[in-house]
Amino acid sequence: MGGAMDRPATYAVKSLGCQMNVYDGERMAETLEADGLTLAADPAAADLVVLNTCHIREKATEKVYSEIGRLKRADGSRPMIAVAGCVAQAEGEEIARRAKVDVVVGPQAYHNLPALVAKAAAGQVALDTGMPALSKFGALPARRRQGPSAFLTVQEGCDKFCTYCVVPYTRGAEISRPFAAILDEAKALLDAGAKEITLLGQNVNAWAEGERGLDTLIRALDALPGLHRIRYTTSHPNDMTEGLIRAHAEVEKLMPYLHLPVQSGSDRVLKAMNRSHTTESYLRILDRVRAARPDIALSGDFIVGFPGETEAEFAETLKLVEAVGYAQAFSFKYSPRPGTPAANMDNQVAPQVMDERLQRLQALLGRQQLAFNQASVGRRCEILLERPGRKPGQLVGKTPWLQSVHLETDTAIGDIVTVELLSAGPNSLAGKLFPGEGRGPVTDSDLDPGLRRGTERVAA
Ligand code: 5AD
Ligand code: SF4
């Protein structure tokens, strides 16, 4: 740990990894602001830099050390450095020793960040990787974050213990935040301008409070005026309840998109992964979801080269992908995580074999994604404008199916407009305001009710 230094006045947060880290990064920023710090105009000149790290796959720790190295300024000085997130949880003491960072704070302890910063400024060791019985959420300040699309953590941690996965060790046991606290946070986000809320959890569909499941929470959010879109991620196949599937048919604000990781198309591999579902049970769930919401866009996660995976087993994954037809998907080479059961399994797959399998899988998934986007051309749908495009006058928004659409428009970020989709690439589409150019924001009452779901086609 470093010696005594000035109390920082400005901060910057850099979040690596998943959406929950983005959310945690925002909450750490809000915590620091409540303590009197301000966001540094230039992150390179911040007095305090929070590195919010990810440990899910390889080279996580190396990445952290290289990020720390990069924080050194031209004159040899450096900011106060806080390492947060899952690497802090897993390897905090080691990092504190080797890299002489000032603060180490785990994902369940970051409500203590201001106190840790004060401790570090006084030259004391400031490490907190505790997993307190009381969740951090009650100790965090109110939400202040602004923007049209917001994340909201409703569930955290995991009790499933897939044999490859580090999450149960870094994020801890499954907890569900209280219903009332989630609704309060959603209202604060809406007051700050959010139009869309994505509910987050490592097993978001395991959220529960007594008899209430995630579908009840979604229906309660549906009733909030000002909220237009609801999404949730990431789900586990075993927690896909009938109620949640029904919500996809009945809740208009619930977007037609489901991220449901399967990881492998081989039942032997799934068993070795401790996934507790089969390819057959997974496909049956998707059938029910599709029956409830025929236009749903499906997404998944895949791991290639799990220990012992044979060519024939990998071919079963390709077959499953062919059977599903994904709109989007994420695929990774298996990466042994220290402390997980799979890291000690025999028959680790050779790196070249993994490379080659990943290429084949990604080529197939890429073709499916392009086909999905191409099938949307000619449709008209609502998009939520989220960010500036590459050229002046261009904005980028998201369709209900989570596709990015670029368009020329004089409307503003945060508006929901109806567009006609004109052309498609693998990662995004081009559209134009409907009807005609230059039309202002479309309100609910402007829309033909049949178009609200965005499934109409312009041309036959
Ligand atoms: N190796 C490769 N991929 C992994 N994932 C989780 N752990 C590992 C690992 N050890 C992937 C899974 C998970 C996603 C978030 O990351 O596909 O769904
Ligand atoms: Fe990891 Fe499996 Fe839990 Fe997902 S369900 S976080 S892959 S242990």
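From a predicted model like this one, the values you see are computed outputs, not experimental measurements. Read the numbers this way: they start at 1 and go in the same order the structure lists the ligands and their atoms. Count residues from 1 along the sequence.
- Ranking protein heavy atoms by distance to atom 1 (N) of ligand 1, first place goes to S335 N, 2.9 Å.
- Nearest protein neighbour of atom 2 (C) of ligand 1, counting heavy atoms only, is K333 O, 3.3 Å.
- In this structure, the side chains of R390 and V396 stay at 4.5 Å or more apart for every pair of heavy atoms.
- Heavy-atom minimum distance, Q348 versus A343: NE2-O, 3.5 Å.
- A heavy-atom separation below 4.0 Å is not found between R171 and ligand 2.
- The existence of a salt bridge linking R246 and D215 is excluded, since no basic side-chain nitrogen approaches an acidic carboxylate oxygen closer than 4.0 Å.
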Full working for salt bridge (Lys or Arg N to Asp or Glu O under 4.0 Å) between R177 and E156: CA-CA 8 Å; R177 291 183 66 193; E156 197 171 351; over 6 Å; no
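- Here the closest non-hydrogen pair linking R387 and S404 is NH2-OG, 4.2 Å.
- A donor-acceptor contact under 3.5 angstrom links the side chains of Q328 and Y257, judged on distance only.
- Set against the non-hydrogen atoms of R337, the atoms of ligand 1 under 4.0 Å away are 10 (N).
- Aromatic ring centroids of Y232 and H259 lie 6.0 Å or more apart.
- The existence of a salt bridge linking E67 and R70 is confirmed by a sub-4.0 Å separation between a basic side-chain nitrogen and an acidic carboxylate oxygen.
- Protein N/O/S atoms found under 2.8 Å from atom 3 (Fe) of ligand 2: C158 SG.
- Taking the centre of each ring, Y164 and F332 stay at or above the 6.0 Å mark.
- Under 4.0 Å is where a charged nitrogen must lie from a carboxylate oxygen, and between E185 and R143 at least one such pair does.
- Counting heavy atoms under 4.0 Å from ligand 1, residue F332 touches it through the side chain alone.
- Annotation for ligand 1: atoms under 4.0 Å from non-hydrogen atoms of Q263 are 12 (C), 13 (C), 17 (O), 18 (O).
- The protein non-hydrogen atom at the shortest distance from atom 7 (N) of ligand 1 is Y164 CD1, 3.3 Å.
- Applying the 4.0 Å criterion to heavy atoms of Y334 picks out, from ligand 1, the atoms 1 (N), 2 (C).
- Looking at atom 11 (C) of ligand 1, its nearest protein heavy atom turns out to be R57 NH1, 3.4 Å.
- One option in D301, I303, V304, V166 has a heavy atom closer to atom 14 (C) of ligand 1 than any other, and that option is D301.
- In this model, a donor atom of one side chain and an acceptor atom of the other lie less than 3.5 Å apart for S149 and E196.
- When each atom of ligand 2 is checked for a heavy atom of Y164 under 4.0 Å away, the hits are 7 (S).
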